[in-house]
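Here's the structure, in structure tokens; my notes come after.
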Amino acid sequence: MLALGDTGPATAITISKWPAIIPNWLRGDQLMTLNIAYCSNFTDKGMECIAATCKNLTAIDISGCTRMTDESILLMASCCSCVSHIKMAYCHGMTDVSLHHMSQELWVESLDISHCSRITDVGIHTLVSRCNGITELKVAWCRHITNRSMHFLATECKHLQLLDISAISSDIITERALDQVRASNPTLSIVKDSHIAK
């Protein structure tokens, strides 16, 4: 609450705590990179503020923001059309719907969805069928990602340089499927154990 006026009764003005609904609010309009990783209390409401004000974002890291849902990606994709580098590892609430929103609105070049256990081959197919310029894809511990996704990458993505499939069994993603991806991307580096690689 703000009290205005030097004489007489003060006039009370209630201002919303959500900048998203403040007209012409310019704070953050020049921000290009945003890292709010592991802000565990950050929710979709916070993303509403970012989407409304940070129109020039090109890279965002929301890894570990476990209270966010697919709604956050819808807000970001709809309002921040320049975003091409996204890290959302450990966002357990995200599903294939998030990748659908990205495919509809963004040109994604790098994506980290490690430990997003609800994302499947369907989401990968939806994304790469439109964003075939992806150069880095991290799907470590995403055990619903299978040979089908490798087939999609081999046929759709010709610029892939890094693929992280750590902790996904060779029974789920076979060496034969990886060979198909390598054939389409001769300079590709495949990481099978990111913990050791680090």
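FYI, the numbering just counts along the sequence from 1.
Residues M47 and I60 have side chains in contact (heavy-atom distance under 4.5 Å, counting atoms from C-beta outward). Proximity of I165 to L163: side-chain heavy atoms (C-beta onward) are separated by under 4.5 Å at one or more points. Between D112 and I86 the shortest side-chain heavy-atom distance does not fall below 4.5 Å. M32 places none of its side-chain heavy atoms less than 4.5 Å from the side chain of V83.
The hydrophobic clustering, which links ILVMFWY residues whose side-chain heavy atoms are closer than 4.5 Å, places L162 and I168 apart. Both I173 and L188 are members of a single hydrophobic cluster when ILVMFWY side chains are connected at heavy-atom separations under 4.5 Å. Connection of I36 to I73 is established within a shared hydrophobic cluster, with ILVMFWY side chains joined at heavy-atom distances below 4.5 Å, either directly or through further cluster members. Under the 4.5 Å side-chain heavy-atom criterion for ILVMFWY residues, no single connected hydrophobic cluster contains both L99 and V97. In the hydrophobic clustering of this structure, V181 groups with V108; members are Ile, Leu, Val, Met, Phe, Trp, Tyr whose side-chain heavy atoms approach within less than 4.5 Å, directly or through other members.
Closest approach of V128 and F152 over heavy atoms only: CG2-CB, 3.9 Å. The two residues W107 and S84 come nearest to each other via the heavy atoms O-CB, 3.1 Å. Residues Y38 and C65 share a closest heavy-atom pair of N-SG, 4.2 Å.
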- Does the pair H144 and D121 meet the rule for a side chain to side chain contact (heavy atoms under 4.5 Å, CB included), with working shown? CA-CA 7 Å; H144 294 296; D121 292 327; over 6 Å; no
- Task: Check the pair D193, S166 against side-chain hydrogen bond (donor to acceptor under 3.5 Å, both in side chains), reporting the backbone distance first and the verdict last.
- Result: CA-CA 5 Å; D193 196 327; S166 299; 5.1 Å; no
- Task: Applying side chain to side chain contact (heavy atoms under 4.5 Å, CB included), run through I190 and L178 and close with a yes or a no.
- Result: CA-CA 9 Å; I190 297 177; L178 292 175; 4.0 Å; yes
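A distance-only check finds a donor-acceptor pair linking the side chain of D96 to the backbone of T120 [under 3.5 Å]. For the pair D70 (side chain) and M94 (backbone), a donor-acceptor distance under 3.5 Å is absent. With hydrogens and angles disregarded, no donor-acceptor distance shorter than 3.5 Å links the side chain of N185 to the backbone of T187. When atom types are taken as modelled, the side chain of S149 and the backbone of I145 share no donor-acceptor pair closer than 3.5 angstrom. Without hydrogens or angle criteria, S103 side chain to L127 main chain gives no donor-acceptor distance under 3.5 Å. Between the D44 side chain and the M68 main chain, no donor and acceptor come within less than 3.5 Å of each other. Judged by distance alone, with hydrogens and angles left aside, the side-chain atoms of S129 form a donor-acceptor pair with the main-chain N or O of T126 at under 3.5 Å. Here the side chain of N147 pairs a donor or acceptor atom with the backbone of T174 at under 3.5 angstrom.
Between E175 and K192, at least one side-chain nitrogen of the basic residue sits less than 4.0 Å from a carboxylate oxygen of the acidic one, meeting the salt-bridge criterion. Using a 4.0 Å cut-off between charged side-chain N and carboxylate O, R182 and D179 make a salt bridge.
When the shell of 6.0 Å around NE2 of H159 is examined, it contains 12 or fewer heavy atoms from other residues, nucleotides or ligands. Within 6.0 Å of atom NE2 in H151, 12 or fewer heavy atoms from other residues, nucleotides or ligands are found, so the atom counts as exposed in its surroundings.
Results of the side chain to side chain donor-acceptor pair (under 3.5 Å) test with S110 over H85, K138, K87, E136 single out H85 as the only residue that passes.
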